[in-house]
Amino acid sequence: MPDVVVIGAGIVGAACAYYAARAGLDVVVVDRGAVAGGTTGAGEGNVLVSDKEPGPELDLALLSNRLWRDLASSGPGDGFEFESKGGLVVAETGEVLGALTSLAAKQRLEHTVVASGELGDYEPHLTEDLAGGVFYPQDAQVQPMLAAARLIRQGAERFGHSALMLRTGVTVTGFVRDGDRVTGVTTDQGDILAGAVVNAAGTWGGEIAALAGVHVPVLPRRGFILVTEPLERPLIRHKVYTAAYVTDVASDSEGLETSAVVEGTPAGPVLIGASRERVGFDRTVSIPVLERLAAQAVALFPALAERRVIRAYCGFRPYCPDHLPVIGEDPRAPGLYHACGHEGAGIGLAPATGHLIAQALIDDHLDLDLRPFRPDRFTKEDSR
Amino acid sequence: MRPVPVCPVPARVGSGERPMKPIYDLAVVGAGPAGVAGALTASLAGLSVVLVDAGARPGGQYFRHPPAGFHAENPGALHHGLDGFMRQWETLRGRADVLLHHRVWAVERAGGAMTVRCLEGDREERPRTVTARRLLIATGAHDRPVPFPGWDLPGVLTAGGAQALLKGDLVVAGRRVVVAGTGPFLLPVAAGLADAGAEVLGVHEANGRFGLAGHPLLAAGKAGEALGYGARLARHRVPYHGRQAVIAAHGDPGGTALTHVTVARLNSGWRPIATRTVECDTLAYGYGFVPQLDLPVQLGCATRHDVDGSPVVAVDAGLRTSVPGVYAAGESTGVGGAVLAEVEGRIAGRAAAADLGRRVPLDPALSRRRDRLAAFARALQSAYPVRPGWMRWLRDDTLICRCEEVPLSAVREAQELGAVDARSVKLLARPGMGWCQGRICGYAVACLAGEDPTAPRRPIAQPIRLGDLAASTRPPSD
Ligand SMILES: Cc1cc2nc3c(=O)[nH]c(=O)nc-3n(C[C@H](O)[C@H](O)[C@H](O)COP(=O)(O)OP(=O)(O)OC[C@H]3O[C@@H](n4cnc5c(N)ncnc54)[C@H](O)[C@@H]3O)c2cc1C
Ligand SMILES: Cc1cc2nc3c(=O)[nH]c(=O)nc-3n(C[C@H](O)[C@H](O)[C@H](O)COP(=O)(O)OP(=O)(O)OC[C@H]3O[C@@H](n4cnc5c(N)ncnc54)[C@H](O)[C@@H]3O)c2cc1C
């Protein structure tokens, strides 16, 4: 009998499994599909600190940023294209630049304010119609699908194949209970009993919680990404985005929001995001969204106008009404730990989430206060 | 050798000659046999029609580049086909707007109208939008290659590539050609190459245990066609081998030219039993066709699996898809040859006209004809399946995806990491992420992942410049 069953082999489940195995626990990860087949395979791989307001999410992001660097330099190694490239946030107007620099001051992150005339030193192809920007050296990037797969693989190799097992094609259908206590999961392939269960089902985390009779409102927020043809020479050095992104991320609006987020990848293509819409799990392509993403990217990097888009895809960010993830044991169902609802930052926040869940599982001292991420913080009205 | 007749390039419509309509009754994508027949039928029934195709000339797979063997001495049926097609085309040009050289990158449906987003031209392309009440998708199919060691060498061609060869892009006469794969189209390809003066060293049909005598064309009473090809192959002394395949191609040390191929005798599951070497400079091969579903999938049309496992658009007896106002005809509803494609186009054109309130008399004979042809197509597909043994022809370093240069070993590594389906193999190892977007390798990756190919999701069906995408909603400037 494993100590822990992790539901979901996305980046968050992978990180939970890795750190739990590292803490000496025997872990089974189950996923109804493949590794990284959920939202982890439908987004981008930015590991950001720059876009977070001061507060619990920024603290989580900073811890995670450090852990990503540890993972990249020690364990799983560079099998997931970790690049500490830094992020450049740019402002169209002086007013926005003012807001940006005061945010940077409050964040207490390493940063450099970049004057309009110096932006070209960072990004030679950037438009000149900008008021300036802020450079954040800690922002980084990973290939999220490889990261999830390799975390599980390397965990098994380092801590023992019996300590970390991946079972794909297993759908969780319910929970095994002993009174209130969760003591395992029922699946379409039989029951798996365990000392504890981690809900890392991402955008479907609310459904899993409901199977345990608890309310955790995780909802889908759709995002489209454009992918260009591979470029012969990198056109874009850092992760570059407009300051509007920060307000969009925190927005409560249901309507469409887009703000340019542009980055190159080691394989050559440029990825262009990011749209945010609340349309349920609707996959119907929205051409106007794609057009807006293209227009914003070209406005930032005029040279992109001549490059071809060869692909577009969409994914569904797992968001909670207060835009914070849910991390920790559920007092309403002891033995059930949640690690879901990371919205557009699950890749970045995964290692810290996994690390803290592992600490909670072995009852260790917690590196961060988990109260802001409590699973029972929502009211009934929080679910729409 | 007689020159190969090709469809003439018509004058462009829409840029000056005739103003485009703000909204048509019917837009047709694809100017192959299905699309042209559908457009003509609909316009004869009184609909205003616009026809869009990426190619510079109409004809689709079959008539644009006359298929292999087209100009042979006894291809009565084929000549007849082209004459008929050209007559339809000429009539259509007088009645409908035709936009050649227009690649459709997206279709949308909103408020009962269809928007067809095109890119006009090749290099100096520009966006252009067509609107219609109804949409007929007749985008045909593309080659289905399976990979094998050396398939990326110059001189190794797919069936479509062999057609280009015959069109005169390359000198054919004097080439030493091996033809391999499975399916009835190997015969016209081989006969055409031989007629054009190539030395065809053999036709290796991976199925067809009983050789040419067991060819389904004979069983279906199409003896004339089969014997015609057979006679031509016999005249050129081209041997036809059943249960054989080319399982590897080899080049000179620099990899700049094909020098020889490994031909294997196969068991019933296509595992090689014995091999020999054949020296040659050209290999033409093909393992059937993959219906082109990008546009129907964008619209959310339901698909189904055909006899050979390929996803195809699901249609009713009037060729209506599951999405109101959207019809599909030809190879996108299942691979079945040019005649079936034309019949389906006519049925779809009639259905579209009837659905828009035009009086269209019933034509049960047409439907019966479709049923008969479709039954024959299913029989052919069952006679020429791709058997799993081809996966044993691969080596660790055989490229599965040529665009992204992904070898078999990388696919296997992804599977070991937990990729259990084609999509997750792609996410971890990148096959299908490159320029062709999996059109070439998608079938092979699905087989390697152990699943039937699924309908591809391609929200952008054709590469488009970011600048054009940014501007594509602006009204056309002409
Ligand atoms: C367009 C877009 C761009 C993004 N860009 C970034 C970015 O740059 N940086 C960043 O940090 N984040 C980004 N994100 C967000 C990030 O992708 C997600 O936060 C993250 O992938 C969530 O990971 P997860 O492991 O929680 O969920 P998932 O990856 O969705 O994993 C959940 C898994 O649970 C499985 N599952 C669900 N139900 C069951 C069940 N009943 N039984 C068994 N298994 C089940 C699913 O199959 C799935 O594999 C982006 C998202 C989108 C959509
Ligand atoms: C080598 C070879 C030999 C063959 N031999 C025979 C034979 O002997 N007998 C027989 O009956 N059949 C034969 N066929 C099959 C025959 O070619 C097809 O059955 C027939 O062409 C199908 O017609 P269609 O109208 O469905 O599609 P197609 O003829 O393929 O036409 C589709 C059209 O759609 C256009 N199109 C596709 N996507 C887009 C887009 N996004 N934007 C704009 N335009 C687009 C293409 O340019 C093309 O012109 C052969 C095929 C090949 C390749």
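Note on naming: letters A, B, ... go to the chains in the order of the sequence lines (proteins, then strands), and numbering restarts at 1 for each one.
- The pair A/Glu229-B/Arg465 fails the salt-bridge criterion, with no side-chain N (NZ, NE, NH1 or NH2) lying under 4.0 Å from an Asp/Glu carboxylate O.
- Residue A/Leu151 holds its CG atom at 11.0 Å from CG of B/Leu417, rounded to the nearest 0.5 Å.
- Annotation: maximal heavy-atom pairing with chain A below 4.5 Å, among B/Gln462, B/Gln298, B/Glu404, B/Gln437, occurs at B/Gln437.
- With a 4.5 angstrom heavy-atom cutoff, B/Gln415 does not touch chain A via any of its atoms.
- Two residues are said to be in side-chain contact when any heavy atoms from C-beta on lie closer than 4.5 Å; A/Leu226 and B/Ile460 meet this criterion.
- Between B/Ala419 and A/Val35, the closest heavy-atom pair is N-CG1, 4.0 Å.
- For A/Val298, the part lying under 4.5 angstrom from a heavy atom of chain B is the side chain only.
- Nearest approach of A/Ile287 to B/Ala106, heavy atoms of both residues: CD1-CB, 3.6 Å.
- Proximity of B/Met433 to A/Pro230: side-chain heavy atoms (C-beta onward) are nowhere separated by under 4.5 Å.
- For A/Arg167, no part lies near chain B; criterion is any non-hydrogen pair under 4.5 Å.
- The shortest heavy-atom contact between A/Thr168 and B/Gly418 is CG2-O, 3.8 Å.
- Using a 4.5 Å heavy-atom cutoff, the side chains of A/Tyr313 and B/Arg458 are not in contact.
- Under 4.0 Å is where a charged nitrogen must lie from a carboxylate oxygen, and between B/Glu416 and A/Arg150 no such pair does.
- For A/Pro269, the part sitting under 4.5 Å from any heavy atom of chain B is the side chain, from C-beta outward, and nothing else.
- The pair A/Glu291-B/Arg117 meets the salt-bridge criterion, since a charged nitrogen lies less than 4.0 angstrom from a carboxylate oxygen.
- Proximity to chain B involves both the backbone and the side chain of A/Leu290, based on heavy atoms less than 4.5 angstrom apart.
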> Can you list the steps and then say if B/Glu125 with A/Arg308 is a salt bridge (Lys or Arg N to Asp or Glu O under 4.0 Å)?
Replying inline: CA-CA 12 Å; B/Glu125 64 201 32; A/Arg308 283 180 168 77; 3.0 Å; yes
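- Interface remark: B/Glu405 contributes no atoms to any contact with chain A (heavy atom separation under 4.5 Å).
- Across A/Asp31, A/Leu146, A/Thr40, the residue that shares the most heavy-atom pairs under 4.5 angstrom with chain B is A/Leu146.
- Taking both residues in full, the closest heavy atoms of B/Leu427 and A/Gln143 are given as O-NE2, 3.4 Å, listed atom of the first, atom of the second, then distance.
- Minimum heavy-atom separation, B/Ala470 to A/Ala294: N-CB, 3.8 Å.
- Between A/Ile310 and B/Gly434 the shortest heavy-atom distance is CD1-O, 3.6 Å.
- For the set A/Ala312, A/Cys314, A/Gly268, the count of heavy-atom pairs under 4.5 angstrom toward chain B peaks at A/Ala312.
- Of the listed residues B/Val425, B/Val420, B/Asp421, the one with more heavy-atom pairs under 4.5 angstrom with chain A than any other is B/Val420.
- Looking at heavy atoms from C-beta onward, A/Thr228 lies in side-chain contact with B/Leu466 at the 4.5 angstrom threshold.
- Using a 4.5 Å cut-off between heavy atoms, B/Arg423 touches chain A through its side chain atoms alone.
- With a 4.5 Å cut-off on non-hydrogen atoms, A/Ile272 touches chain B through its side chain but not through its backbone.
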